[in-house]
Amino acid sequence: MLGGSLSCKTANINGTLLYLLGKCRSMLELKKLHAIGISFGLSHEDSFIYKILSFSALSNSGDIDYSYRVFSQLSSPTIFSWNTIIRGYSNSNNPIRSLFIFLKMLRHGVAPDYLTYPFLVKASARLSKQESGVSVHAQIIKTGHESDRFIQNSLIHMYASCGNIMWAHKIFDSIQGKNLVSWNSMLDGYAKCGEMALAQKVFESMQERDVRSWSSLIDGYVKDGEYREAMAVFEKMRAVGPKANEVTMVSVLSACAHLGALEKGRMMHKYIVDNCLPMTMVLQTSLVDMYAKCGAIEEALLVFRGVSKSQTDVFIWNAMIGGLATHGLVEESLKLFKEMQMVGIRSDEITYLCLLAACAHGGQVKEAWYFFESLVKCGMTPTSEHYACMVDVLARAGQLTTAYQFICQMPIEPTASMLGALFSGCINHRNLDLAETVGRKLIELDPNNDGRYIGLSNVYAVVKRWDDAKSMREAMERRGVKKSPGFSFVEISGILHRFIAHDKTHPDSDETYSMLHFVVCQMRHGCRQDNQEENLLNDTSIEDDLILF
DNA sequence: ATTGATGAAC
C-alpha cells in the first residue's frame, strides 16, 4: 500500500489509534495498540511511532527498553526520536545508556540540539559522574549552546551532584537573567553539599520562593543533622510559605524520626491527610520509619498494613522489618521477611542488615549464619556493615573466639564498629584478656573517640592494673581527644527535652531526680547484689548515666 | 518534547 501517502481508511485507523494511545495507561494496552497499528501498516507512520516511543520511554508505566527496540527498527530516526530515547534513559535506573545512545547518534552524523543536552546533563548528574558531565559540557560549548538557560540550570545541578560546588557556582554566576530554577538549583546544590550557611544565604537572597526552595532548605538541614532547625523552617513555611507537598513531608518526617518526636510526627501525618497530599510509597515508607523510630511500632504496622501488597516495594518492607528488629520483636520481623518473600519482593543488602540486627537482638546465632550465607548465595557481596552485624551477633551471644576468628578471616579490613561490637561482647562476657587486645586495636583504629580509652581504662581498673588504667586516661588527654558528653532526647506533650549527664538546669530537674532515685532503688531491689566490678565495667553508675540536663 | 526534590540499615 502506501508509498508515503495513507489511504483514507488507514488515515482513519491512524487517527483512532492516536486517540486511543493518548488514553493509554499501561504497557499491555500500548502493546495491543501497537500490534493493531502494525497490522494496518502503520509501522513507519511518524505520528503513530512517536506516540509509541514517547509513551514507552517517558510514562511512569512505560518501558524504556521496549521503546528502544521500536526505535532500533527505524531506518533514519529524527532528532525527536533520538531525544525521546535519550530522555527516557536519563530518567531510568540505567542513565548511562543515555550517553551510549548519544555516542551512537553522533556516529550516525545526527547533530544534537538544545533539547538533547538537558537530558544528557541530567544523566551525568544521576550517575554522579563528573567526567561524563564535563564531556557533555564541552560538547555544549563546542556547539554554541552554553547560554541556553535550561542547559545552564541543568549544569548547576549536575556539578553540585558531582560534589563540585565551585563549578556549580561558576555556572550560576554566569547566567544572565537567572530564573527560579537557577536559584533553586544553586540552593539545592549547597544544601546537598552540606553548606547550610551558604544555602541559607541563597534562600534569603531569593526574590521568589516556591515549594521546592523550602523543601531543599528543609532537606539540607535534615541531611546535616540539624533536625530542630529543619522543623523550625517547616513551621515558618506553614506560616508564610507555600503549601508543603509530599516531598517536603518526607524530609519533615525524617526529622521527626531522628528527634523521636512522636507527637510532632503524628501532627505531620495529620497534615498530610488534611491537605490531601498524595500518599506515595515514599511517603508511606517515611511514615512507617517515623513511627518505628519514635517507638510507636503499632502505628508503624498500621500504616504498613494499609498499603496494598501489590503496591509495596523493597523499601517499605525494609523499613518495617528493621523497625520490628530494633524494637526487639525478632520473631515478628523474621515472619515479615517470610511474608515479603511470599509476596515476591526481592530482598536486598539492607534487608539482610535488618535481619542480622534482629538476630543480634534476639540472640539467634543460627539464624544469623543462615542469613549471612543466603546473602552470599543470592549473589550479594557482604559489606562492612554486614560483617559488623555478624560480629555483634556472635559477641552478644558470648561466642567471642568465633567472633575474633570471623574478623580475622574477613576479606576486608576490620572497622571500628566491628571491633567495638567485639569489645562490648568481651566486657559483657568477662573475657578481659581479649578485651585488652581488642581495646588496644580499637584505639589504634579510632584514636579520636573518647569512649574507647575510657572503656579500656575500665577494663584495667577491674583487673586492678591501676597504672595501665591511669595511662589510658592520660593518653587520651595527651592526644587532645575531646570528651563529648552523650545526650538524649525525649518528647513530652510535643515538647522536646534534652538530657546530658551532670547538668541540672532543666526546670523539672529536682522532680525528675527524685523519680530517678525511686526507679533505681526499685531496680536495685530486684537485682542481684551489685558489686564494684559491675559498676566499673558499666563505666558509671545508673544514676550517672541518666542524670538530667 | 527541555532544567530543579523525597524513602530503608549502621
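Throughout, protein chains are lettered first and strands after them, A, B, ... in sequence-line order, and every chain is numbered starting at 1. Every value quoted in this text rests on a predicted model; they were computed, and no experiment measured them.
Atoms CG (A/L355) and P (B/dA8) sit 17 Å apart, rounded to a whole Å. When the P atom of B/dT3 is taken as reference, atom CD1 of A/I151 falls 12 Å away, rounded to whole Å. A/H258 has its NE2 atom 10 Å from the P atom of B/dG7, to the nearest Å. Atom CG in A/N91 sits about 11 Å away from atom C1' in B/dT2, given to the nearest Å. As a whole-Å value, the separation of A/M390 CE from B/dC10 P is 16 Å. Remark: C1' of B/dT3 and CD1 of A/I171 are 13 Å apart, rounded to the nearest angstrom. Atom pair A/E246:CD and B/dT6:C1' shows a separation of 8 Å (rounding to whole Å applied). In this structure, A/H269 places its NE2 atom 15 Å from C1' of B/dG7, rounding to the nearest Å.
Nearest nucleotide to the A/N245 side chain, out of B/dA9, B/dA5, B/dT2: B/dA5. Counting only heavy atoms from C-beta on, A/S216 has its side chain closest to B/dA5 among B/dA8, B/dA5, B/dA1. In this structure, the nucleotide among B/dA1, B/dT3, B/dC10 sitting nearest to the side chain of A/P118 is B/dT3. Closest to the side chain of A/E385, out of B/dG7, B/dT2, B/dA9, is B/dA9.
For A/H361 (side chain) and A/A357 (main-chain N/O), a donor-acceptor pair under 3.5 Å exists by modelled atom type. In this structure, the side chain of A/D210 engages the main chain of A/R212 through a donor-acceptor pair within 3.5 Å.
Across all strands, A/M281 comes closer than 4.0 Å to base atoms (heavy-atom distances). The residue A/D289 sits close only to the backbone: its heavy atoms come under 4.0 Å of sugar-phosphate atoms, none of a base. Among the heavy atoms of the strands, none lies under 4.0 Å from A/N179. Residue contacts shown for A/D348 include a base, since a base heavy atom lies under 4.0 Å away. Within the 4.0 angstrom heavy-atom criterion, base atoms lie near A/L180. Among the protein residues, A/D392 comes within range of no part of the nucleic acid, since none of its heavy atoms lies under 4.0 Å from any strand. At the heavy-atom level, A/S215 lies under 4.0 Å from base atoms of the strands shown. Note on A/F119: only backbone sugar-phosphate atoms sit closer than 4.0 angstrom, heavy atoms only; bases stay farther off. A/T285 comes within 4.0 angstrom of a base, heavy atoms only.
Contact between the side-chain N/O atoms of A/K223 and the OP1/OP2 oxygens of B/dG7 is found at a separation under 4.0 Å. Residue A/K192 places at least one side-chain N or O closer than 4.0 Å to OP1 or OP2 of B/dT6. Regarding contacts with the backbone of B/dA9, every side-chain N or O of A/H386 stays at 4.0 angstrom or more from both OP1 and OP2.
Side-chain to base pairing of A/S286 with B/dG7: no donor and acceptor N or O lie closer than 3.5 Å to each other. The base of B/dG7 sits with one of its N or O atoms less than 3.5 Å from a complementary donor or acceptor on the side chain of A/D313. Between the side chain of A/D188 and the base of B/dA5, no donor-acceptor pair under 3.5 Å is found. For A/R212 and B/dA5, a side-chain-to-base donor-acceptor distance below 3.5 Å is present, hydrogens and geometry of angles not being considered.
No side-chain donor from either of A/Y50 and A/T84 sits under 3.5 Å from a side-chain acceptor of the other. Side-chain polar atoms of A/Y117 and A/H145 form no donor-acceptor pair below 3.5 angstrom.
You can call A/F150 stacked on the base of B/dT2; the centres are under 5.5 Å apart and the planes sit within 30°.
Judged by the 6.0 Å distance and 45° axis criteria, A/R97 is positioned over the aromatic ring of A/Y68.
With respect to A/E339 and A/R305, a salt bridge is recorded, a charged nitrogen being found less than 4.0 Å from a carboxylate O.
In A/D274, the CG atom is crowded: over 12 heavy atoms of neighbouring residues, nucleotides or ligands sit closer than 6.0 Å.
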